[in-house]
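Heads up: the structure comes next, in structure tokens.
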There are 2 protein chains.
Amino acid sequence: MAATCEQDPARVAERMLALKDAIELLSGKWKFCILLNLYNLGPMRFKDLQETSLGITPKVLSKELQELEDNLLITRTVNATKPVTVSYALTPHAVETQPVIEALVEFGLKHRRKIKQL
Amino acid sequence: MAATCEQDPARVAERMLALKDAIELLSGKWKFCILLNLYNLGPMRFKDLQETSLGITPKVLSKELQELEDNLLITRTVNATKPVTVSYALTPHAVETQPVIEALVEFGLKHRRKIKQL
DNA sequence: ATAGTCACTTTCCTAAAGGTAACGAATAGC
DNA sequence: GCTATTCGTTACCTTTAGGAAAGTGACTAT
């Protein structure tokens, strides 16, 4: 392991800043899970997201959804149903996160095998 | 946005667990930065990692490096130099994280453009 | 009138992440 | 002996993330 892929310093610095931006936006215990659920199951209501995310509390879910909305990754639409329902859906911009999630899932699967084979 | 790529439930659940594993291992402010630096610049010493990571303190760097080593992503080798130096290098297993980092950098670059164009 | 559902909000709390500053062991040079 | 370098550790503190439990408001069914 010593890829040492040298590049021009400006590009290296720009990429490091981009990485820090992405980390700041997406890190935490829940955001990737929420996005993965929306990929898998399409637009979902609050209650369904709470159930499929396994363990999240309404307060935290509410906060995470707001942050994702602020960053233009999901939309929030209120439906005029009998008990009001609210749908959360991915925005077009959210497709940019799919490679990240896919790569994380792949890493998780491989890492689990790696650690088991001790 | 409503990809709704249905899959069999067992696979969905397995992938969600893998995602949670990956998040638990890699989340936080510094691990991806350290890994990116090792990709860009090859094996590095403690001091150099501290400088290129911009803002990390020795205590935190020490902790992060230990966790990465415990998870078989980096190796730690002591060199018999005059003031002792220590090199940190990526393991073969660490290549599995490269797609994740690349995807995060790409997302960060695109997101920055997206937000600027308000 | 009472009870239930949905989508939250509020209050309170704990645990973990992360930062600051100083110190220590080993070695070397002046 | 004094200082510097490298790679940390230790003690202390602040901030943030996250969780538990209850409540709110709008509506609906019984």
Side-chain angles (χ1 to χ4, degrees), chain A residues 16 19-38 41-71 73-89 104, chain B residues 16 19-38 41-71 73-89 104:
Chain A
M16 179 60 86
L19 179 60
K20 294 207 179 198
D21 282 354
I23 290 170
E24 196 177 344
L25 204 157
L26 295 170
S27 80
K29 199 171 170 182
W30 298 111
K31 292 205 184 69
F32 285 121
C33 297
I34 292 167
L35 293 173
L36 179 58
N37 278 325
L38 290 173
L41 306 169
M44 298 175 78
R45 290 173 304 143
F46 190 88
K47 198 70 180 302
D48 295 333
L49 276 169
Q50 195 184 331
E51 277 156 15
T52 54
S53 295
L54 298 174
I56 198 169
T57 58
K59 172 196 147 180
V60 175
L61 179 56
S62 183
K63 199 198 68 182
E64 304 288 291
L65 289 171
Q66 273 178 41
E67 289 175 14
L68 289 172
E69 199 191 353
D70 292 345
N71 283 289
L73 292 177
I74 62 171
T75 57
R76 178 181 186 276
T77 56
V78 180
N79 310 114
T81 49
K82 331 305 179 71
V84 170
T85 57
V86 181
S87 303
Y88 296 92
L104 276 169
Chain B
M16 180 60 87
L19 180 60
K20 294 208 177 199
D21 283 353
I23 290 169
E24 197 177 343
L25 205 156
L26 295 170
S27 78
K29 201 171 169 183
W30 297 112
K31 293 207 182 69
F32 284 121
C33 297
I34 292 167
L35 292 172
L36 180 58
N37 277 324
L38 290 173
L41 306 170
M44 299 176 78
R45 291 173 305 144
F46 190 88
K47 199 70 181 306
D48 295 334
L49 276 170
Q50 196 184 332
E51 277 156 14
T52 54
S53 294
L54 297 174
I56 197 168
T57 58
K59 173 196 148 183
V60 174
L61 178 55
S62 182
K63 200 199 68 182
E64 302 287 292
L65 290 170
Q66 273 178 40
E67 290 175 11
L68 289 173
E69 199 190 354
D70 292 345
N71 282 290
L73 293 177
I74 62 170
T75 56
R76 177 183 186 276
T77 56
V78 180
N79 309 116
T81 48
K82 332 302 179 70
V84 169
T85 58
V86 181
S87 303
Y88 296 91
L104 276 169

Q: Using whole Å, report how far CD of B:Glu64 lies from P of C:dA16.
A: 15 Å
Q: Would you mind reading off the distance between A:Asp48 atom CG and C:dT5 atom C1', rounded to a whole angstrom?
A: 13 Å
Q) Within this structure, what is the CZ-to-P distance between B:Arg76 and D:dC7, rounded to whole angstrom? A) 9 Å
Q. CH2 of B:Trp30 versus C1' of C:dA16: gap in Å, rounded?
A. 17 Å
**Q.** For atom NZ of B:Lys59 and atom P of D:dC12, their distance in whole Å
**A.** 12 Å
Q: Quickly work out the A:Gln50 CD to C:dC8 C1' distance and round it to whole Å.
A: 10 Å
Q. If you round to the nearest 0.5 Å, how far is NZ of B:Lys20 from SG of A:Cys33?
A. 4.5 Å
**Q.** Residue A:Lys47, side-chain atoms from C-beta onward, closest of D:dG8, C:dC6, C:dC12
**A.** C:dC6
Q: Would you check if A:Arg76 and A:Ile74 make a side-chain contact, meaning some heavy-atom pair closer than 4.5 Å?
A: no
Q: Scan B:Thr85 against the nucleic acid and name what it touches under 4.0 Å (heavy atoms): base, sugar-phosphate only, or nothing.
A: sugar-phosphate
**Q.** Nearest-Å distance for atom pair CD1/C1', residues A:Ile23 and C:dG18
**A.** 14 Å
(Q) Counting C-beta onward and ignoring hydrogens, is there a side-chain heavy-atom pair between B:Leu68 and B:Tyr88 closer than 4.5 Å? (A) no
Q.
Counting only side-chain heavy atoms from C-beta out, which of C:dG18, C:dT9, D:dT5 sits nearest to B:Pro83?
A. D:dT5
Q | Residue-phosphate contact under 4.0 Å: A:Arg45 side-chain N/O, C:dC8 OP1/OP2 | A | no
Q.
So, does A:Lys29 get its side chain near the phosphate of D:dG19, meaning an N or O under 4.0 Å from OP1 or OP2?
A. yes
**Q.** side-chain N/O A:Tyr88 vs C:dC8 OP1/OP2, d < 4.0 Å
**A.** yes
Q. Would you say the side chain of B:Leu73 lies within less than 4.5 Å of the side chain of B:Leu25, judging by non-hydrogen atoms?
A. yes
Q.
Check this one for me: any side-chain N or O of B:Ser62 less than 4.0 Å away from OP1 or OP2 of D:dT9?
A. yes
Q) Just checking A:Gly55: base, sugar-phosphate only, or nothing, at a heavy-atom cut-off of under 4.0 Å? A) nothing
Q) Of the nucleotides C:dC6, D:dG18, D:dG8, which one has an atom closest to the side chain of B:Phe46? A) D:dG8
Q. Tell me: CE of B:Met44 to P of D:dT6, nearest whole Å?
A. 14 Å
Can you give me every donor-acceptor pair (side chain of residues 48-63 of chain B, partner residue at least two apart or in another chain, under 3.5 Å) with its distance?
| unit_1 | atom_1 | unit_2 | atom_2 | d |
| --- | --- | --- | --- | --- |
| B:Asp48 | OD2 | B:Arg45 | NE | 3.4 |
| B:Asp48 | OD2 | B:Arg45 | NH2 | 3.2 |
| B:Thr52 | OG1 | B:Asn37 | ND2 | 3.4 |
| B:Thr52 | OG1 | B:Asp48 | O | 3.0 |
| B:Thr52 | OG1 | B:Leu49 | O | 3.4 |
| B:Ser53 | OG | B:Asn37 | ND2 | 3.4 |
| B:Ser53 | OG | B:Leu49 | O | 2.8 |

Q) For DNA chain D, whose closest nucleotide is more 5', that of B:Gln66 or that of B:Val84? A) B:Val84
